[in-house]
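Below you'll find the structure, written out as structure tokens, and then a few comments.
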Amino acid sequence: MFVAFTALTVSIPLFLPLTIGVVAGDTIAGEASLGTLRALLIAPAGRLRLLIVKYVGALAFAAAATGVIVLAGVGVGALLFPVGRVTLLSGDTVDAGGFAARAALLALYVVLSLSGLCAIGLFISTLTTIPVGAMAATVVVAGASQIADALPQLDAIHAWLPTHYWFGFGDLLRDPLVWDSFGVNGWLQLGYVVVFGGLAIWRFLTKDALS
Amino acid sequence: MSGTVAPADAAIRTRGLGKRFGRQRAVADLDLEVPRGAVFGFLGPNGSGKTTTIRMLLGLARPSSGDIHVLGEPMPHALRSVLPRVGALVEGPSIYPFLSGRANLHRLDAADPGSAARSRPARVDGALERVGLTAAAGKRAGAYSLGMKQRLGLAAALLAPRELLVLDEPTNGLDPQGTREVRGLIRSLAADGTTVFVSSHLLAEIEQVCTHAAVMRAGRLVAQGSLDDLRRAARARIVVRTPDAADAATVLGIHRITAAIAGDSITGELPEEAVVEDLVRALVEAGVRVRGVSVEGDSLEDRFVALTGEGFDVAG
Ligand SMILES: Nc1ncnc2c1ncn2[C@@H]1O[C@H](COP(=O)(O)OP(=O)(O)O)[C@@H](O)[C@H]1O
Ligand SMILES: [Mg+2]
């Protein structure tokens, strides 16, 4: 359990944002740079439909990356440590079934945390035809948000940063389950998805495909 | 200019169409009229606004002014119902280099929500066959030559039976044999009743297959109509070689021909009613020593060059 937990803690600040940046940043800008965007639009794929498919795709990728990390963590943990009842942060123990449920919740929490960043990346990707630029910008957003979150001077905006609750999954390893961070993070991420998803839609639906 | 057609009969019809990029007018005041069933050559040198116009016709770019009807419906408003009936190749090949040619077509075909998945393999193979790419269909498209990429782009336009094909410089990057094949393809599509709108900066490449043409210059339409109309409008010039150029100019002037003198040759545009034989007699009777007389410039090519300019300079 704690190998998976630690693996996520280590990958969240850099590895996962990097992955999301690359995938979400590439969504539209990548097609534009290949020149395939116009072919898709002529097909006609439908601009809104294309955007939604691309967002779902990026999210699926986030889920896959998180799933791999959790499963690898669980696997490595099983190799290194005796398998049996698992102790939670609160000191209680759960059996294998409870453990699997917790691991799944953990992964779900992380994917939820990344959904806002995916929307930001999608929006940035509609602004340019240079995929590398969109990827880098998305990663920079994630990094800047985490740095701002660490600066006490910016205390007022901390709760609004997309990365603020990224490490809140500790709550899911207590008994009884504490849902607080899940809920507040869910609302925050939903806000980011609505705002940046909306911006992406507005931008992409009115944009000239000139590449 | 041929008579206008009712909107429903026109495959493409634009009125006052314009597009600006910042301060630059890429297209201005364009009134296109493409009759159904025509093979319409959209001609103009590089930078004259052909691709920009085509992007607007297909809803890729928004017009800055004017309106567009494609297959009788307003664009980009009716995009969803119009585009499935239109096949298009815009501005060179657009391919996924890491996919095979066949996988490229599968992906593009799947992008249209209206296309049936069941008949997809048959349609893809049919399109590959039509452009002669069957043998190379399994190869990575990134490894294709430019001509093969261009063929793949054409295949994408032919995935379904279309009412209208819009082809932007389809012969770009093709060898003479490939160019002939594209012309053959256009002919066979036109024979099936498909309207073909094909752009080119070279008249010679498409003149043989076109029934109609329009000529662009610096974003504006300078000629449009059936090929016969355009040929008729291609005024011939008379060129007289003589040491007495000034006298010759006077004689031609009497026959309402304004002539330009360049050394010992003098050139003037022939009015429709002028008879060359009579002009020669008039010159000789006036004592002009005529060394040679020729009539030039009645081919469509000359007309095209006259309309668009001959230089290498591209319009800013
Ligand atoms: N994305 C763009 N941004 C700014 N100017 C453009 C853009 N695309 C085309 N233009 C300009 O519009 C004019 C017409 O270009 P284009 O339609 O591509 O010509 P053609 O296809 O006839 O060669 C050119 O002067 C070109 O520089
Ligand atoms: Mg062009």
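These numbers come from the heavy atoms of this one structure, side chains and all, not from hydrogens, waters or symmetry mates. In what follows, chains carry the letters A, B, and so on, assigned in the order in which the sequence lines appear, proteins first and then strands, with residues in each chain numbered from 1.
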**OP:** Select, from A:L40, A:L41, A:L210, the one with the greatest count of heavy-atom pairs under 4.5 Å involving chain B.
**Re:** A:L210
Original post:
Under a 4.5 Å heavy-atom cut-off, does chain A meet the side chain of B:A160, its backbone, both or neither?
Top reply: neither
Original post:
Given the options A:P44, A:G46, A:A43, which has more heavy-atom pairs under 4.5 Å with chain B than any of the others?
Top reply: A:P44
**OP:** Could you check which of B:V90, B:V166, B:L58 has the highest count of heavy-atom pairs closer than 4.5 Å to chain A?
**Re:** B:V90
Subject >> Distance under 6.0 Å and angle within 45° of ring axis: A:R203 vs A:F123 >> reply: no
**OP:** Against chain A, work out which of B:A156, B:S115, B:A111 has the most heavy-atom pairs shorter than 4.5 Å and name it.
**Re:** B:A111
Subject >> CZ (A:F167) with more than 12 external heavy atoms under 6.0 Å >> reply: yes
Original post:
If only atom types and distance count, is the side chain of A:S125 paired as donor or acceptor with the main-chain N or O of A:G121 below 3.5 Å?
Top reply: no
**OP:** Give a yes-or-no answer on whether the side chains of A:E31 and A:T36 include a donor-acceptor pair shorter than 3.5 Å.
**Re:** yes
Original post:
Which one, B:P84, B:A61, B:P113, B:A88, leads in non-hydrogen pairs under 4.5 Å with chain A?
Top reply: B:P113
Subject >> Test applied, salt bridge (Lys or Arg N to Asp or Glu O under 4.0 Å); reference residue, A:D208; option that passes from B:K19, B:R62, B:R20, B:R55 >> reply: B:K19
